[in-house]
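Structure, as structure tokens:
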Amino acid sequence: MSTPYPFTALVGQDDLRLALLLNAVSPQVGGVLVRGEKGTAKSTAVRALTVLLPEIDVVSGCRFSCDPARPDPSCPDGPHDSRPGTSRPAALVELPVGASEDRLIGALDIERALAEGVKSFEPGLLASANRGILYVDEVNLLHDHLVDLLLDAAAMGASHVEREGVSVQHAARFLLVGTMNPEEGELRPQLLDRFGLTVEVAASRETDLRVEVVRRRLAYDDDPAGFAARWAAEEAELRERIVAARALLPRVVLGDGVLRQIAATCAAFEVDGMRADIVMARTATALAAWAGREEVVEDDVRQAALLALPHRRRRNPFDAPGLDEDKLDEALQDAADGEDGGDDDPDPDGPGGGVPPQGGGPDDGGTDTDGPDDGGTDAPGPERTGSGDAPAPGGGAGEQQPVRAGEPFRTKMLSVPGLGEGAAGRRSRARTEHGRTTGSRRPEGALTKLHLAATVQAAAPHQRARGRSGRGLVVRRDDLRQATREGREGNLVLFVVDASGSMAARKRMSAVKGAVMSLLLDAYQRRDKVGLVTFRGKDAEVVLPPTSSVDAAAARLESLPTGGRTPLAAGLLKAHDVLRVERLRDPSRRALLVVVTDGRATGGVDPVALAARAGRLHASEGTASVVVDCESGIVRLGLAAQLARDLGGSAVTLDELRADSIAGLVKDITAAGRAA
């Protein structure tokens with residue numbers, strides 16, 4: 001076994017180290033989610049913590065690490081007698097991103113269950129992690145159903161396996177630690193809430209600290225054992241402090257005044273539910289024990305809020321986690337004043353109760369002073385540059401400043417026709433590991449989902465030849481049948497957005513960005529990958545290569561400038577290049593092309609014909625597509641509808657894109673896909 005990097009030798013990352021230590025003192029805090037860029041010692045810190053945890057007593061031979069003083073009555077290896085156990089270090093179990101459900105929760109021996117009627121259970125990683133640490137690197141890339149199982153077990157302290165009429169339950173109490181790089185996609189807010197604490201980590205920009213990090217790392221790589229020996233005294237001291245804090249924890253007093261501060265803080269930040277209050281109370285108690293105190297003070301509450309609330313502030317998927325420390329101090333002070341009998345009347349002009357100040361200015365910081373019509377008439381045309389913008393030379397061909405996106409809305413369901421086999425998601429029909437059973441097949445590898453009826457049907461004709469004499473069914477490996485299931489997959493949604501001068505009228509582009517933002521929100525909820533291609537001026541640009549980070553796409557969209565000619569063909573060809581590369585990287589993930597344009601094409605020789613040829617290129621390869629028609633005004637040329645026909649897809653207006661419209665968008669796209 002390799003020597004882990006010493007925890008006390010870590011440089012900086014104070015919040016990360018504190019959050020991990022608090023969970024070591026009080027596992028009831030609920031684990032920690034570590035968010036940060038790559039190369040910031042996230043994994044190193046988690047592995048180093050294991051060495052600091054006190055040894056645990058376990059029942060000899062128990063695969064579920066039962067405590068001999070309080071054995072689990074439902075343990076599959078039980079019942080356990082009263083013999084003394086053995087001591088061993090707390091386990092660090094790592095859950096790979098590509099793990100299967102059986103690997104996580106365990107699997108039943110189906111052949112023995114059918115033939116002998118016995119519960120032969122092979123424990124999974126949840127059993128191995130009991131009373132230790134379960135570490136999930138890149139937790140944001142873990143499949144949704146695995147995250148659900150993992151967090152349910154963490155919340156209940158037990159794992160339940162219910163399959164083919166056989167039920168198994170065992171204890172699963174562990175310190176859950178997840179790490180993630182936000183650039184690769186965010187966790188859903190409801191899953192974020194299941195982590196007790198969260199910390200943001202980043203590499204220091206101070207030269208001296210960076211030098212010290214490199215110096216220590218090189219020393220460790222040259223001689224891991226010798227480097228660890230030099231930090232042994234500090235490690236032993238920290239280990240003793242953890243033991244002392246654990247012993248002190250039951251005696252820590254959480255007074256009513258402190259509880260009021262916790263409740264007032266959570267109310268001020270408008271967090272959902274009561275989990276935040278409970279986590280803050282447990283964290284503040286652990287902080288007091290870590291400091292050697294028997295009473296929680298205001299500083300403990302403040303530090304607990306900084307660790308427990310930032311990730312619970314994400315009310316919208318595109319909101320960045322964070323906490324306004326000035327507002328936190330104000331909430332704590334208000335709670336303290338109320339406890340002291342001070343004036344409880346809120347200031348009508350101040351930010352009370354977590355409600356933002358209601359001023360007379362705009363909500364974007366006062367940077368936009370346009371009138372309510374945001375630029376007057378909405379007549380389209382390249383000469384329009386928006387309110388307050390001078391026309392650029394050449395009839396508005398110059399670049400214009402980005403405009404804010406309009407209010408997002410719930411969109412119609414867009415899906416790819418046919419039946420795919422891509423990554424689990426929530427958009428298009430696909431063969432998946434989860435969903436409704438549609439048939440059976442012979443297993444190609446390990447059996448994961450037994451089709452019981454098909455298995456019995458395959459084994460029944462051979463019972464006499466196999467010499468069956470008892471009640472049990474004689475089952476061979478060749479009889480087993482895998483259930484085939486149909487669920488939903490995530491797709492690659494590639495947006496091709498017209499950012500030319502014909503789209504540049506302020507009100508019009510704001511509506512277009514609002515529509516794309518709504519589609520991005522839909523892609524986030526359906527667990528898609530997204531990409532963004534824009535075209536304007538003389539060429540097209542891949543603003544965002546395909547990624548799972550929908551947040552990044554939203555940020556790029558907000559800062560998107562407009563202006564210039566309309567090289568529609570260049571945009572479609574650029575999208576074709578992106579899709580071609582993605583088919584090689586991930587051939588099982590099907591693509592949905594969403595072209596947002598008014599259908600105009602300008603620049604070059606015969607731009608309309610070039611755009612039509614580029615559209616037919618996509619159609620010839622069977623790419624599912626939809627054109628969001630942004631044309632406005634009384635006179636409409638119908639160019640976007642013609643583009644949709646060239647693409648072999650469907651066209652929909654901005655109004656029809658809304659979920660509450662009566663347009664049968666899904667039927668249109670499906671019909672168009674079948675016709676193609």
Side-chain angles (χ1 to χ4, degrees), residues 141 184-185 411-432 487-498 515-516 518-535 540-550 552-553 556-557 568-597 611 614-628 643-652 657 665-666 668-676:
L141 303 182
E184 297 171 338
T411 66
K412 284 285 189 181
M413 171 67 170
L414 305 178
S415 62
V416 178
L419 193 64
E421 295 182 347
R426 298 175 180 175
R427 184 172 295 279
S428 304
R429 294 174 54 223
R431 298 183 184 91
T432 61
R488 293 280 174 177
E489 67 177 358
N491 297 115
L492 166 60
V493 182
L494 182 61
F495 294 93
V496 182
V497 180
D498 185 349
V516 179
S518 303
L519 290 168
L520 283 172
L521 179 59
D522 182 68
Y524 170 89
Q525 294 168 339
R526 300 189 187 282
R527 315 305 288 169
D528 295 316
K529 289 179 68 175
V530 298
L532 180 60
V533 174
T534 64
F535 57 94
E541 176 186 6
V542 181
V543 176
L544 183 71
T547 175
S548 297
S549 179
V550 179
R556 303 288 174 86
L557 180 69
L568 177 56
L572 295 174
L573 292 175
K574 183 68 72 173
H576 180 268
D577 291 341
V578 172
L579 294 179
R580 177 178 54 82
V581 173
E582 285 301 306
R583 288 191 187 101
L584 297 175
R585 290 178 176 172
D586 191 357
S588 64
R589 187 182 290 270
R590 298 186 295 164
L592 175 64
L593 183 67
V594 179
V595 185
V596 185
T597 180
R616 289 192 290 271
L617 177 61
H618 283 280
S620 67
E621 297 182 354
T623 303
S625 62
V626 58
V627 178
V628 179
L643 175 62
R645 288 191 288 271
D646 292 330
L647 287 165
S650 178
V652 55
L657 188 61
L665 179 59
V666 179
D668 291 344
I669 297 174
T670 304
R674 289 172 180 169

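Remember, it's a predicted structure, so these values are computed and weren't measured experimentally. Start at 1 with the first residue, then count along the sequence.
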Pairwise distance [atom1]([X]) to [atom2]([Y]) - rounded to 0.5 angstrom:
X	Y	atom1	atom2	answer
Leu557	Leu544	CG	CG	10.5 Å
Asp586	Leu492	CG	CG	8.5 Å
Ser518	Lys412	OG	NZ	14.0 Å
Leu572	Thr623	CG	OG1	11.0 Å
Glu541	Leu532	CD	CG	9.0 Å
Thr411	Asp522	OG1	CG	3.5 Å

query: With respect to Leu519, which candidate in Leu592, Leu414, Val493 satisfies the side chain to side chain contact (heavy atoms under 4.5 Å, CB included) definition?
result: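 Of all the options given, the one that passes is Leu414.
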Minimal non-hydrogen separation, [X] against [Y], with atom names:
X	Y	value
Ala591	Leu579	CB-CD2, 3.7 Å
Ser625	Gly648	OG-C, 4.4 Å
Ala644	Ser650	CB-C, 3.7 Å
Val533	Lys574	CG1-CG, 3.9 Å
Asn491	Asp528	N-OD1, 2.7 Å
Ala523	Val530	CB-CG1, 3.7 Å

Sub-4.5 Å side-chain heavy-atom contact between [X] and [Y]:
X	Y	result
Arg589	Glu582	no
Val627	Thr597	yes
Phe495	Leu520	yes
Val595	Val626	no
Val497	Val594	no

Do the side chain of [X] and the main chain of [Y] share a donor and acceptor less than 3.5 angstrom apart?
X	Y	answer
Arg426	Arg526	no
Arg429	Gly487	no
Arg488	Arg427	yes

query: Do Arg583 and Ser588 have a side chain donor and acceptor closer than 3.5 Å?
result: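 Checked: Arg583/Ser588 side chains show no N/O donor-acceptor pair below 3.5 Å.
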task: Please test Leu568 against Asp498 for side-chain contact (heavy atoms from CB on, under 4.5 Å), starting from the C-alpha separation and ending with a verdict.
output: CA-CA 8 Å; Leu568 177 56; Asp498 185 349; over 6 Å; no
message: Which residue is it: Lys529, Arg590, Arg527? I am looking for the one with a salt bridge (Lys or Arg N to Asp or Glu O under 4.0 Å) to Glu489.
response: Arg590
From CA spacing to verdict: side-chain contact (heavy atoms from CB on, under 4.5 Å), Arg580, Glu621: CA-CA 10 Å; Arg580 177 178 54 82; Glu621 297 182 354; over 6 Å; no
